[in-house]
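Comments concern the structure below.
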Number of protein chains: 2
Amino acid sequence: MVTMTAAQRREREKAAFDAYMDACPTHQLMGIIGNKWSTMVLMDLAHGARRYAEVSNALPGVSAKMLTQTLRSLERDGFVTRTVTPAVPVQVEYTLTLLGERIVPLITSMQEWADRHMDEIDAARKNYDDGRHLASG
Amino acid sequence: MVTMTAAQRREREKAAFDAYMDACPTHQLMGIIGNKWSTMVLMDLAHGARRYAEVSNALPGVSAKMLTQTLRSLERDGFVTRTVTPAVPVQVEYTLTLLGERIVPLITSMQEWADRHMDEIDAARKNYDDGRHLASG
DNA sequence: CAGTATCCCCTCGGATACTG
DNA sequence: CAGTATCCGAGGGGATACTG
């Protein structure tokens, strides 16, 4: 089946690339901090230990479901420690691990980059959108 | 209606926070580079100008739809320049803008962080998953 | 207080087919 | 070559209601 070789090689390259993407540390990191609440939670915990309700108050937009889900992911990935103190009612405290503290500077550098360049991005968007509407008229 | 004050203040805080999130440069940046193909495209273009098919070949996993969509977004946001050369067939070349070149170091630093810490994250995940299965047994 | 469970929408992204 | 158009499934994320 020599005729299929090209398509087959395509298939193999794609499969290999997909596997590479799944294993790629950068994309795994994106999966961790790329969702809506992770960075916000991380940056809030960077100020010190917080209880569930405290994080919830600091982030008025987050639903209980997403806060729990975000916290659980961060715990599983080793960024956050969850400490339960038996009491009535039960107390739960979240703190950054060492790994959690180590990602803070990275997030900070992303914030700084964003702050420095967002004006330029906004300008580019306006420029592009104006060009489009002219082109269509 | 003094009785509604607490709930109303909640609503207002949430609305204000939502507005803040939408305007937050960091989250806008996440929206730009947080999707599946943006960083890959950016890093490919960092090596020099590329034609559509060249990027497509460099990234065997991307569909035409997503490649076009990613390229268009990056163009709109000012990271990429699209140059059409009238010919038969038409030639289209993509290059990084100055803004595009300026985000490369940020992506590189994310890659380096990911490479340095992914082992630790994997270990944390295994640890967490083991703990869960013990807790459930 | 600190969640869990359920429903539901909406966007992201892939597959396929077609075009100048 | 460099796309566009359409359909579709997966899952991220919100609203609501309930619980130890």
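Sequence lines set the chain letters: A, B, ... in the order given, protein chains first and strands last, and positions in each chain run from 1.
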In Å and rounded to the nearest 0.5 Å, what is the CG to CE distance from Leu45(A) to Met40(A)?
-> 11.5 Å
Kindly compute the distance separating CG (Asp77(A)) from CD1 (Ile121(B)), expressed to the nearest 0.5 Å.
-> 6.0 Å
Going by heavy atoms closer than 4.0 Å, what residues in residues 76-85 of chain B are next to DNA chain C?
-> none
Which pairs, with at least one residue in residues 26-47 of chain B and sequence neighbours excluded, count as a ring-ring contact (aromatic ring centres under 6.0 Å, His included)?
-> none
Is any side-chain N or O of Tyr94(B) closer than 4.0 Å to OP1 or OP2 of dC1(D)?
-> no
Report yes if a side-chain nitrogen or oxygen of Arg51(B) is closer than 4.0 Å to either non-bridging phosphate oxygen (OP1 or OP2) of dA2(D); otherwise report no.
-> yes
Contacts of Pro89(A) and Leu71(B) projected onto DNA chain D by closest heavy atom; the upstream (5') one is Leu71(B)
Could you tell me which residues satisfy salt bridge (charged side-chain N to carboxylate O under 4.0 Å, His left out) with Asp18(A), sequence neighbours excluded, listed by chain and number?
-> Lys14(A)
In dot-bracket form, how is DNA chain D paired, counting a Watson-Crick or G-U wobble pair only if both its distances are under 3.5 Å and using | for bases paired to another strand?
-> ||||||||||||||||||||
note: Glu93(A), atom CD; dC1(C), atom C1'; distance rounded to Å ~ 14 Å
Round to a whole Å and report the spacing from CZ of Arg50(B) to P of dC1(D).
-> 16 Å
For DNA chain D, which residues in residues 52-69 of chain B have a heavy atom at a distance below 4.0 Å?
-> Tyr52(B), Ala53(B), Lys65(B), Thr68(B)
Expected list for residues 14-39 of chain A near DNA chain D, using heavy atoms below 4.0 Å, is Asn35(A), Lys36(A), Trp37(A)
Does the side chain of [X] reach to within under 4.5 Å of the side chain of [Y], using non-hydrogen atoms?
{"X": "Leu71(A)", "Y": "Glu75(A)", "answer": "no"}
{"X": "Ser38(B)", "Y": "Val41(B)", "answer": "no"}
{"X": "Ile103(A)", "Y": "Ile32(A)", "answer": "no"}

In chain order, what residues pass the side-chain hydrogen bond (donor to acceptor under 3.5 Å, both in side chains) check against Gln28(B), with sequence neighbours excluded?
-> Arg125(A)
Partners passing side-chain hydrogen bond (donor to acceptor under 3.5 Å, both in side chains) against Ser73(B) (at least two apart in sequence or in another chain) = none
Side chain to side chain contact (heavy atoms under 4.5 Å, CB included) filter on Thr81(B), not counting sequence neighbours, yields Thr83(B), Thr95(B), Thr97(B)
With sequence neighbours left out, which residue pairs that include part of residues 85-94 of chain A fulfil the side-chain hydrogen bond (donor to acceptor under 3.5 Å, both in side chains) condition?
-> Arg82(A)-Tyr94(A)
Write out all pairs satisfying salt bridge (charged side-chain N to carboxylate O under 4.0 Å, His left out) with one or both partners inside residues 34-45 of chain A, taking only residues at least two apart or from two chains.
-> Asp44(A)-Arg50(A)
Could you give the side-chain donor-acceptor pairs of residues 52-68 of chain B under 3.5 Å, partners two or more places apart or in another chain?
{"from": "Tyr52(B)", "atom 1": "OH", "to": "Ala64(B)", "atom 2": "O", "distance (Å)": "3.1"}
{"from": "Tyr52(B)", "atom 1": "OH", "to": "Thr68(B)", "atom 2": "OG1", "distance (Å)": "3.2"}
{"from": "Glu54(B)", "atom 1": "OE1", "to": "Arg51(B)", "atom 2": "N", "distance (Å)": "2.7"}
{"from": "Asn57(B)", "atom 1": "OD1", "to": "Arg10(A)", "atom 2": "NH2", "distance (Å)": "2.8"}
{"from": "Asn57(B)", "atom 1": "ND2", "to": "Ala53(B)", "atom 2": "O", "distance (Å)": "3.1"}
{"from": "Ser63(B)", "atom 1": "OG", "to": "Met66(B)", "atom 2": "N", "distance (Å)": "3.3"}
{"from": "Thr68(B)", "atom 1": "OG1", "to": "Ala64(B)", "atom 2": "O", "distance (Å)": "3.0"}

